Number of protein chains: 2
Amino acid sequence: MSQSEIRNMEEFAAVSGISRPTVSKYFHDPSSVRKTTRMRIEAALEKYDYRPNIYAINQNRKLTKNIGIVVPYLADPFFGEMVRMIEGRCIEAGYTPSLFSAHGDQAHENDILDSLRSMKPAGVLLAPLGRQSDKSAIETFCKHVPTVLFDSNIEGMGEAFVGSDNHSFVSQSVEYLSRTGETPCFFEMRTPANPNANKRRIAYLATMERLGLEPHVVKIDGTGWGFEEIGRKGGFQVLAEKSLPTNTVLCSNDRLAIGFLSACYESGVRVGRGPDCQLRVASHDDHPFSRFTCPSLTTAAHDYTAVSDNAVETLFRLIEGGGRLENRTESLFPARLIMRDSA
Amino acid sequence: MSQSEIRNMEEFAAVSGISRPTVSKYFHDPSSVRKTTRMRIEAALEKYDYRPNIYAINQNRKLTKNIGIVVPYLADPFFGEMVRMIEGRCIEAGYTPSLFSAHGDQAHENDILDSLRSMKPAGVLLAPLGRQSDKSAIETFCKHVPTVLFDSNIEGMGEAFVGSDNHSFVSQSVEYLSRTGETPCFFEMRTPANPNANKRRIAYLATMERLGLEPHVVKIDGTGWGFEEIGRKGGFQVLAEKSLPTNTVLCSNDRLAIGFLSACYESGVRVGRGPDCQLRVASHDDHPFSRFTCPSLTTAAHDYTAVSDNAVETLFRLIEGGGRLENRTESLFPARLIMRDSA
DNA sequence: ATCAAAATTTTACTCGCGTAAATTTTATTA
DNA sequence: TAATAAAATTTACGCGAGTAAAATTTTGAT
């Protein structure tokens, strides 16, 4: 049975009849030792359940086998889903992911970057707060730690960016909406927290111009990361004012749309594409909850798998390349339009 | 400026004119060194931005200043919110939280416990998967690491449990519903992932008996952590079959209710307490999204703050008490009924 | 059986810090 | 002002590994 009297690798090497350096080698790569040796070590491992002290292991390593994952806001299930996929890939590849959320707060994001630096991670996957981020803090961080940005791009920072192609999102949704009904207006926060929001507005304007349509941007008030509540309040307001320029609303993101839909429902405004409907609503992200809104939300979906896989692969290439890439790449994945009932 | 030539505490001590052990003491508790010493260290800190190597720090510590936080499913914003509050408290108290999600998978939960053990954390706050958890793995873990369970209780494991009082949740919702309309039936998964679900069913049955009402439990099929989809499918089924025993549905939890409401909407069943409504729906948890459902969801709310604060405080007492408490306590916090539009 | 190549072991260092015990400095009291 | 207690600091050693170089053993092909 596991008599856990083993206090260190020296003792474990003794009971398994192998020298300590060889045991050390085994723990770094079991296939790097002879088969018979490996079997003896594994036999001893069964009897004594010893695990190397991770702190001693990492003390002298320039880089550890840790990978930092930083997201801006964990109460958003979008990031929960991304994290799940990313963590899986990292573990497969023999890395140890550690997860952090800035919880929408700049100071917290900075603290995370700080403690991440002292963790000497092999690399970091960072989805920054965006507009709220302390740019110089992130810049300094990226100079010291091999970093791939994802979801939210900050010009020039990190060795690469992997995310979704906002233009693809918006052009698909705008084309679909204008093809099948009235011209969409664009519904967004006045001061969006996230750079994707700005790109989406620009893409909306560009697409409308290309189609020869007149654009309308509806800007609503509100700050912070409570997008649903902001969308709801904004929804009540524009519905009460009857200030919507068209009967078709394209929300900047799903969380805003979720709030907007709840305002529609409570205001008795029927949403959908049926003849009895007053409004069509569509959005972007394919948020995990968007299929459960009432009506279910027509949206442009992130390619979750492609984004997370590519982000991880890019980071691995970066790590193998010694922390630097020739030039900063931006990989953008197109959206897939998901037609549901809201538009 | 920060000439980061400082490679270790020795060198930093030199440039600040203080001995290394004193510097070490400073980093553990700045107030433990003389004011003049502190000022000299802090002056040097400004010039040289040195940070102690956390691995070297923790190598010889029996216990580190780390606190592990483990949740079963991070794509559920309920846990996102809990984590946010818990992390805040830990940081305030000078600990370093590290966050893990089992992502609904037993093997992953076990791996987390494994790597957590080798992190030698001062303590762990564990919200286990529940029914899917490997009980013996958790039991073994708790023997070695001071652990407080939260959200989901497993009989006898950990030094304490902190969570919500399911009986309070259900008795309030049942009493409210039966006082203001038809008797509620209880809508739940046939094989719930979480022990809270069982407690809620039992509480439902007990409350109905106390009120002299006939209970009806509606069990729907489905496994895993995709509760919304399960509630939706189950909803379509019971609505199609017209098998609901009453016009009032009390869902075991909000995520199930979110799915159920979407099924009602698509089936053209009007939910709410108005005269034109066919169904009332209520639930438990006050999930962050429950205010945005259509109609907004009447629910029994967790006392998020009380649960997270108490869990953290209990863990701190446990840590200060050397990892053991006299007897295992279970702290249950009552619910607060939140009346919205769905019932 | 022979011998080169591969794997393992030995030896001997290093790393960055914690910490008990000894020593010095500072503060307090008489 | 001197004696003494208290606090701060220094000395000296240990921790649990990584790792490089040299010596030795094992392996596998001939």
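All values below come from the heavy atoms of this structure, side chains included, with hydrogens, waters and symmetry mates left out. Just so we're on the same page: letters track the sequence lines, and every chain starts at 1. Computed from a predicted structure; not experimentally measured.
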Need one value for Y50(A): base, sugar-phosphate or nothing, where a base atom within 4.0 Å counts as base even if backbone is also close, heavy atoms only. sugar-phosphate

From dT10(D), dT19(C), dA7(C), pick the nucleotide closest to the side chain of S24(B)? dT19(C)

The nucleotide from dT8(C), dA8(D), dC17(C) with an atom nearest the side chain of T22(A) is dT8(C)

Give the rounded distance in Å between these two atoms: CZ of F12(B) and P of dC15(C). 20 Å

Under 6.0 Å between ring centres, would you say that holds for F78(A) and Y73(A)? no

Can you figure out which of dT9(D), dT10(C), dA12(D) approaches the side chain of P21(B) most closely? dA12(D)

Need to verify one output field. Residue with the more 5' nearest nucleotide on DNA chain C, R51(B) or R34(B)? R51(B)

Please state how far atom CD in E10(B) lies from atom P in dG18(C), giving the value in whole angstrom units. 12 Å

Is the base of dG16(C) touched by the side chain of Q59(B) through a donor-acceptor pair closer than 3.5 angstrom? yes

Is R20(A) side chain donor-acceptor paired with the dG16(D) base, going by distance under 3.5 Å alone? no

Mind calculating the distance between NZ (K35(A)) and P (dA6(C)) to the nearest angstrom? 17 Å

Between R61(A) and dC15(C), is there a side-chain N or O to OP1/OP2 distance below 4.0 Å? no

From C-beta outward on I57(A), which listed nucleotide comes closest to its side chain: dC17(C), dT9(D), dG18(D)? dG18(D)

Rounded to whole Å, how long is the line connecting atom CG of N53(B) with atom C1' of dC15(D)? 14 Å

Hydrogens and angles aside, do S115(A) and D111(A) bring a side-chain donor and acceptor to less than 3.5 Å of each other? no

Check the orientation of H103(A) and H108(A). Use parallel for under 30°, tilted for 30 to 60°, and perpendicular for over 60°. tilted

Given side chains that start at C-beta, do those of T314(A) and F150(A) come closer than 4.5 Å, heavy atoms only? no

Nearest-nucleotide pick for N8(A), side chain only, options being dT19(C), dG16(C), dA17(D): dA17(D)

Take R89(A) and E92(A), measure what salt bridge (charged side-chain N to carboxylate O under 4.0 Å, His left out) needs, and give me the verdict at the end. CA-CA 5 Å; R89(A) 301 283 173 210; E92(A) 272 174 25; 3.7 Å; yes

Roughly how many Å is it from OH in Y55(B) to P in dG18(C), rounded to a whole number? 15 Å

Tell me: CE of M9(B) to C1' of dT19(C), nearest whole Å? 12 Å

Whole-Å distance separating the NZ atom of K65(B) from the P atom of dG18(C): 13 Å

What is the distance, rounded to the nearest whole Å, between atom CD of E11(B) and atom P of dC15(C)? 10 Å

Donor-acceptor pair between S136(B) and D134(B) side chains, under 3.5 angstrom: yes

Hey, does S32(B) reach any base, or is it just sugar-phosphate, or nothing, if we go heavy atoms under 4.0 Å? sugar-phosphate

Does dT8(C) have OP1 or OP2 under 4.0 Å away from a side-chain N or O of T37(A)? yes

Check the phosphate of dG16(D) against R7(A), side-chain N and O only, distance under 4.0 Å to OP1 or OP2. Yes or no? no

